[in-house]
Amino acid sequence: MPVHGLTPILLCLLPMWRILTPVASHPHHSRCQLIQRTALCNDAELSSVPVGLPDNIEELQLNYNHIKTLQDSALLHYPSLKTLSLACNSLEKLESNTFQNSKLLESLNLANNNLSSGSLALKNLHGLKALDLSENRLDDEMAATLLENLTSLEYLNLSGNLLRRVDETSFKDLHQLKELDLQRNFIFEIDSAFDSNSKLQRLNLAFNYLPCLTDFHMTQLVVLNASYNIIEWFISRQDLNDTFQLETLDLSNNRLLFFPFLPSHSRLRNLHLSHNVINFYERLSHNVTNPNSTTTVEFYNLKSYMQNVTAQLWDDDLHGDISSLEILDLRGNQVDSFPEGFIQKMPKLSRLQMCINCLETLNLTAEQFSGSLYELDVSNNRLKQILADEETLTTLSNLTYFNLSLNGLERLPLGLFSSLPSIRSVDLSYNNIDICLSEEAEITTHTVSSCVDWNNIVSLRQLYLKGCNLKRIPNSAFRGLLLTHLELSDNPGLNVKESIQSLSRTLQHLGVGNTHIHGFDFSRFHSLKSLNISKNSLAHLPPSLLNLDLKVLDLRDNRLSTIHSAHAAALAPKLQTVFLTGNPFNCCQTEWFRTFETTRTISIVGQSEIECEDLFGTARISDHSFSCFKENGESIFWYILLLLPVCVSFLGISIIVFLTFKPKLLQKSIKKKCFKPTSY
Ligand SMILES: *[C@@H]1O[C@H](CO)[C@@H](O)[C@H](O)[C@H]1NC(C)=O
Ligand SMILES: *[C@@H]1O[C@H](CO)[C@@H](O)[C@H](O)[C@H]1NC(C)=O
Ligand SMILES: *[C@@H]1O[C@H](CO)[C@@H](O)[C@H](O)[C@H]1NC(C)=O
Ligand SMILES: *[C@@H]1O[C@H](CO)[C@@H](O)[C@H](O)[C@H]1NC(C)=O
Ligand SMILES: *[C@@H]1O[C@H](CO)[C@@H](O)[C@H](O)[C@H]1NC(C)=O
Ligand SMILES: *[C@@H]1O[C@H](CO)[C@@H](O)[C@H](O)[C@H]1NC(C)=O
Ligand SMILES: *[C@@H]1O[C@H](CO)[C@@H](O)[C@H](O)[C@H]1NC(C)=O
Ligand SMILES: *[C@@H]1O[C@H](CO)[C@@H](O)[C@H](O)[C@H]1NC(C)=O
Ligand SMILES: *[C@@H]1O[C@H](CO)[C@@H](O)[C@H](O)[C@H]1NC(C)=O
Ligand SMILES: *[C@@H]1O[C@H](CO)[C@@H](O)[C@H](O)[C@H]1NC(C)=O
Ligand SMILES: *[C@@H]1O[C@H](CO)[C@@H](O)[C@H](O)[C@H]1NC(C)=O
Ligand SMILES: *[C@@H]1O[C@H](CO)[C@@H](O)[C@H](O)[C@H]1NC(C)=O
């Protein structure tokens, strides 16, 4: 075919043609694409700024090229440039007059280069608004030199450089700066560095080596991200009467021991404190028997000793103004209880994330959560019981997501979930809570109960009861519920049969892994999309699954030896994800595997780990390298028939070889055995 033959030749000619075409004479044929006043020359193997582009271009994109130096003359021809992007080159140097003719430049991207020297090249860019210097090799002084006189700069990205210490000279001319990214440097000290940047709103200090942030007084800042440092103390300047504009503070993944000392007046909405070692020590402060215990902590400014900070550790106003807080993320800390009145100080709190802490009790009545609470996650604590009176529960009218999993819960307030009008998702997994028999619920007169009654909670959609040691579920347990997700896995021996029939119309996900379920009829569960029946010793795929529109099926760790090929063919077009490892499949009956393997829409999780058993042990199905001897002897017969001629020929060849190389031996033996020695 002529078309196929021609293409490689054309492909070879193309670079030649490109080289032969002079860039200057035909700019539209050059490696740059021109769209109005924008020239796109990305990934074009350029080693210098192209000349000969129209001199009125306003935007020049030169990312992913091999430009090493920006020469003085490089941009002379393009005085109208407003945007220049040189990311991902190997720029090492900017010559000092490079931008002498670029008075209109507003945005300069030099990210991902190898800049490692200070230069006065940018000093003429009085109109520069955005500068990206991320992922270079700039240290404190080089950066400070480069940034001199950039009085219009609003956005600066210095992430991924070699900064170690920033002080009042670092950003002194950047009076218009609004956003500064200093992520991923080696900063261990900040000394009055931002005092000249009175318009700074967003500051990112993540992934540095800051040991503390004391004397925080940037009232105009809206977002401060200081996650992934080694911060032990965060202390705001206490004597300021101004309202801090701070809305988001991220101090996660640090070493905070105390809740941060927040500004006394602020608009803080999102406070991220996960993965620290925070606890509240208020109870200790009431202990008057030890008057010598420390009550203040002092911080000395390393450089001047002029601005010592003293914090009163046990001050009542310790926590500052948290009245606007909406999200409080305290995951992975050491909190064992909340100080008195702490929760009450947050009337707008919507999400409280407390998983992996040391909470021992939770008295919802005492804490007085507000009605705006939407998500409460107290999973993975040491809770033995939750306390609440009915009145408290009805005030929690917005509570939608309640995670109580991984506690040692034995008791819950009676009617806890039926009193929460908006509750949608409840996770009670890995506790010791039973499901009430209907009679039990009715006759109980106590306010706490060791079982939960799920009847008629109409808002509930997702219920997780994994690993609760459930043995029985009353037939009427889920009556009146409209659950879409029900997770009952890891309750070995649980008999679910009748109880979940009432959910057959609504249920989309059902988890009954490791429950010893067998012989269950799934055919009425028409909405089911995801089913987990792993670890159930099943020897056959339940045929009642075949008519369902399943997308996800977990069949791991059962006793399946094969999947009937008709069943595989019925499931394959519908499934999206299937888990099959840990079954003793028979290598001779793996047609189902080919059906799944060739269906492109299925993802077989752990495909290469699925094993089958043959005469010699186990093999990986996906290798297709197992030997298969069928039990009925038919195939072994054919193998023998096939092997026999091979053996015979091999034997024959061996004998011939043997005879050829050892003729004397033959003679001797023939003489010995066949011919009697004759004496002449
Ligand atoms: C960056 O510069 C250093 C020397 O300053 C050199 O060793 C390194 O190879 C350069 N890297 C690139 C990607 O050009
Ligand atoms: C910065 O601006 C000041 C005043 O406009 C000027 O005196 C100084 O020379 C400038 N610095 C540089 C490096 O151009
Ligand atoms: C700064 O640059 C880094 C790396 O190039 C990028 O990941 C980050 O998003 C940038 N920061 C901002 C605020 O744009
Ligand atoms: C803070 O920065 C880290 C690292 O870049 C990022 O993962 C995190 O999402 C940021 N925090 C906020 C609140 O944006
Ligand atoms: C803050 O206000 C208090 C009382 O309103 C006053 O005594 C104090 O001097 C003020 N502090 C500052 C720094 O303005
Ligand atoms: C008070 O301090 C004493 C001595 O340090 C200690 O034994 C006791 O447990 C403390 N009491 C409380 C309530 O923390
Ligand atoms: C408190 O400190 C003083 C002086 O250091 C000492 O004499 C006293 O015994 C201490 N008291 C206690 C209860 O440790
Ligand atoms: C800060 O603390 C040091 C060491 O205790 C002390 O010498 C200095 O006078 C203090 N400075 C101020 C301003 O309090
Ligand atoms: C829970 O808090 C309420 C209100 O403070 C209180 O009356 C009740 O005694 C507390 N319950 C327990 C068991 O401490
Ligand atoms: C509950 O949530 C809705 C919607 O998010 C909100 O409008 C309402 O104010 C909240 N109720 C309370 C009591 O905060
Ligand atoms: C509840 O919390 C546990 C542990 O933190 C987590 O694994 C689980 O996914 C959460 N449940 C839901 C429904 O989000
Ligand atoms: C299915 O349930 C088992 C037993 O609890 C669990 O180990 C497995 O992760 C679950 N499968 C999926 C896909 O979540």
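In each ligand, atom 1 is the first atom listed, and ligand 1 is the first ligand listed.
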Is [atom] less than 4.0 angstrom from some protein heavy atom?
atom: atom 4 (C) of ligand 10; value: no
atom: atom 7 (O) of ligand 10; value: no
atom: atom 14 (O) of ligand 10; value: yes

How far is [atom] from its nearest protein heavy atom, and which residue and atom is that?
atom: atom 1 (C) of ligand 4; answer: Asn225 ND2, 1.4 Å
atom: atom 12 (C) of ligand 11; answer: Tyr401 OH, 3.3 Å
atom: atom 9 (O) of ligand 11; answer: Asp427 OD2, 4.6 Å

message = I need the atoms of ligand 11 closer than 4.0 Å to a non-hydrogen atom of Ser405, numbered in the order shown.
response =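 Every atom of ligand 11 under 4.0 Å from some heavy atom of Ser405: 1 (C), 2 (O), 3 (C), 4 (C).
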request  = Could you tell me which atoms of ligand 11, counted from 1 in the order shown, lie closer than 4.0 angstrom to a heavy atom of Tyr464?
outcome  =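 Counting atoms of ligand 11 from 1, those under 4.0 Å from Tyr464 are 13 (C).
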query = Looking only at distance, does Asp250 have an N or O less than 3.5 Å from an N or O of ligand 4?
reply =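 N/O-N/O distance below 3.5 Å exists for this pair.
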ask   = Do Thr248 and ligand 4 have an N or O pair less than 3.5 Å apart?
value =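 Thr248 vs ligand 4: no N/O contact under 3.5 Å.
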query = Which atom names give the shortest non-hydrogen contact between Phe369 and Leu396, and what distance separates them?
reply =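 Looking at all heavy atoms of both residues, the closest pair is CB-CD2, 3.7 Å.
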Non-hydrogen atoms of Leu420 and Ser459 that approach each other most closely =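 That closest heavy-atom pairing would be O-OG, 4.2 Å.
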Pair [X]-[Y], side-chain donor/acceptor within less than 3.5 Å:
X: Thr506; Y: Thr484; answer: no
X: Arg479; Y: Asn456; answer: no
X: Asp490; Y: Tyr430; answer: yes
X: Arg267; Y: Gln245; answer: yes

message = Salt bridge or not between Arg237 and Asp215? Use side-chain N to carboxylate O under 4.0 Å.
response =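 Salt bridge present between Arg237 and Asp215.
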ask   = Is the closest basic N to carboxylate O distance between Glu326 and Lys348 below 4.0 Å?
value =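 No salt bridge links Glu326 with Lys348.
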query = What are the atoms of ligand 10, with element, lying closer than 4.0 Å to any heavy atom of Gly371?
reply =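 Those of ligand 10 that fall under 4.0 Å from Gly371 are 12 (C), 13 (C), 14 (O).
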request  = Using atom types as modelled and distance alone, determine if a side-chain donor or acceptor of Asn431 lies under 3.5 Å from a backbone N or O of Asn407.
outcome  =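 Yes, the answer is positive, given that a donor and an acceptor are paired below the 3.5 Å cut-off.
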Which segment of Tyr228 sits under 4.0 Å of ligand 4 when only heavy atoms are counted =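 No part of Tyr228 comes within reach of ligand 4.
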ask   = N/O of Asn398 under 3.5 Å from N/O of ligand 10, yes or no?
value =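 N/O-N/O distance under 3.5 Å: yes.
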Atom pair CG/CD of Asn491 and Glu487 - distance to nearest 0.5 Å =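 Reported to 0.5 Å precision, the distance equals 9.5 Å.
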Stepwise side chain to side chain contact (heavy atoms under 4.5 Å, CB included) check, Ile604 with Phe579 = CA-CA 6 Å; Ile604 309 175; Phe579 300 79; over 6 Å; no
ask   = Quick one: which ligand 4 atoms are inside 4.0 Å of a heavy atom on Ser227?
value =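 Contacts of ligand 4 toward Ser227, numbered from 1: 1 (C), 2 (O), 3 (C).
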request  = Enumerate the atoms of ligand 4 whose separation from the nearest heavy atom of Phe207 is less than 4.0 angstrom.
outcome  =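 Ligand 4 atoms under the 4.0 Å threshold to Phe207: 4 (C).
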May I ask you to check if ligand 11 and [X] share an N or O to N or O distance below 3.5 Å?
X: Asn403; value: yes
X: Asp377; value: no
X: Ser425; value: no

task = Not counting sequence neighbours, which residues clear side chain to side chain donor-acceptor pair (under 3.5 Å) with Ser134? List them please.
result =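 Residues passing side chain to side chain donor-acceptor pair (under 3.5 Å) with Ser134: Asp132.
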query = Counting only heavy atoms, which portion of Asn380 has something under 4.0 Å from ligand 11: side chain, backbone, both, or neither?
reply =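 Looking at Asn380 and ligand 11, no heavy atom falls under 4.0 Å.
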